[in-house]
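Position 1 is the first residue of the sequence, and the numbers go up from there. All heavy atoms count here, side chains included; hydrogens, waters and symmetry mates do not.
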Amino acid sequence: MSTENASSNLTVNTSDSLRAALNPDGTLDRDRFNIPVTSATLNPTSPASPVLSKDVPINPSHTTWARIFLPTRALSCSEEKLPVIVYYHGGGFVLHSAASTPFHEFCVSLARELSAVVVSVEYRLAPEHRLPMAYDDAVEALHWVKTARDEWLAGHADLSMCYLMGTSSGGNLAFFAGLRASASHDELEPLKIRGLILHHPFFGGIQRTPSELRLVNDQMLPLAKGDFMWELSLPLGATRDHVYCNPMVDGGSKISEGVDKMRSQGWRLLVAGCDGDPLFDRQVEFAQMMLEKGVSVVRVFTEGGDHAIEVREPDKSKPLLQTLKTFMSTTVTS
């Protein structure tokens with residue numbers, strides 16, 4: 001890692017639209033971003049709906065819920081049980097929703113191409129709800145899934161084949177939810193987690209990496225924007241070397257116990273990224289650290305692209321989806 005401080009090179013003003021949306025009371029005015037949303041699709045007769053979706057509450061007191069995606073063909077194959085992907089959307093812990101159109105469409109692709117039941121979790125956002133509240137919601141969602149009270153989960157989900165997946169901050173969320181779940185896996189039965197899929201995971205740190213310095217003014221995720229997202233989402237007073245942001249700090253010593261449990265339970269890890277993403281070096285470092293800690297790691301790093309490109313540009317998601325299909329099909333059942 002480079003020890004250079006990039007503050008002198010920041011030409012992207014930190015007082016951008018995100019900062020401008022911060023209200024005096026510390027809440028965020030998300031309406032000003034006009035993020036497109038898509039409603040759930042329950043009509044199984046429409047030829048344009050190879051995947052059905054519906055919204056189900058998890059914890060009304062926290063306003064958390066799940067959008068469940070089910071391949072339409074599963075309705076006529078009631079005896080076949082499908083693997084479960086619990087998915088966490090991105091947005092720097094401060095923006096987006098399970099209903100945001102890019103993440104909705106990405107989950108449709110996951111369900112269709114991987115023949116899986118996808119449970120996309122709506123978790124609480126910062127700065128109103130700083131970390132670790134999103135982690136709390138992520139784990140609570142797993143306990144909700146294990147009960148299989150929803151008819152789609154009860155009728156079509158193989159709870160013994162579960163994967164946690166997330167994009168960007170959702171990838172971070174999947175990892176830290178996984179750490180907690182590995183410590184209490186007996187309490188999650190019959191849900192059995194087989195692995196984690198971290199898609200362009202959102203990590204950070206005080207010291208700048210070469211990819212961050214090279215892409216300091218990146219159009220998708222300029223360094224100033226990422227820093228401000230961490231400022232809004234980390235516990236008050238925490239720096240970017242807090243473990244939630246930088247699990248690699250001190251050689252990953254703060255996560256070692258949880259990682260040991262993941263390894264002992266046979267979990268596999270897939271980390272995907274691209275060198276057009278400012279976070280690329282951190283993702284590579286994270287994957288290498290996990291490999292050195294004895295975890296089975298599949299590294300999918302590509303040239304070009306930019307942060308979370310497969311979500312924003314569906315036509316570029318096919319290689320990733322094929323890799324995920326192979327990853328899930330080769331998981332060893334214990």
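Taking the six-membered ring where tryptophan is involved, the planes of F286 and F175 are perpendicular, since the angle between them exceeds 60° and thus also 30°.
Residues L82 and A74 approach most closely at CD1-CB, 4.1 Å, considering heavy atoms. The minimum heavy-atom distance linking S233 with F93 is given by the pair CB-CB, 3.7 Å. Between P36 and P102, the closest heavy-atom pair is O-CD, 4.4 Å. In this structure, A141 and V121 approach most closely via the heavy-atom pair CB-CG2, 3.7 Å.
Within a 6.0 Å radius of NZ in K293, other residues, nucleotides and ligands contribute more than 12 heavy atoms. By the 6.0 Å contact criterion, CD on E257 is open, its count of non-hydrogen atoms from other residues, nucleotides or ligands being 12 or less.
In summary, D227 and R208 engage in a salt bridge, as defined by a charged side-chain N under 4.0 Å from a carboxylate O. Between E212 and R282, at least one side-chain nitrogen of the basic residue sits less than 4.0 Å from a carboxylate oxygen of the acidic one, meeting the salt-bridge criterion.
The aromatic ring centres of W230 and Y244 sit 6.0 Å or more apart.
Counting heavy atoms from C-beta outward, H156 and E80 have side chains that stay 4.5 Å or more apart.
Side-chain atoms of T27 and D25 include a donor-acceptor pair closer than 3.5 Å. Counting only N and O atoms by type, the side chains of D29 and N23 include no donor and acceptor under 3.5 Å apart.
S169 pairs in a side chain to side chain contact (heavy atoms under 4.5 Å, CB included) with only one of the listed residues (F203, Y123, Y88), which is Y123.
Stacking of R19 on the aromatic ring of F228 is recorded, both the 6.0 Å distance cut-off and the 45° axial limit being met.
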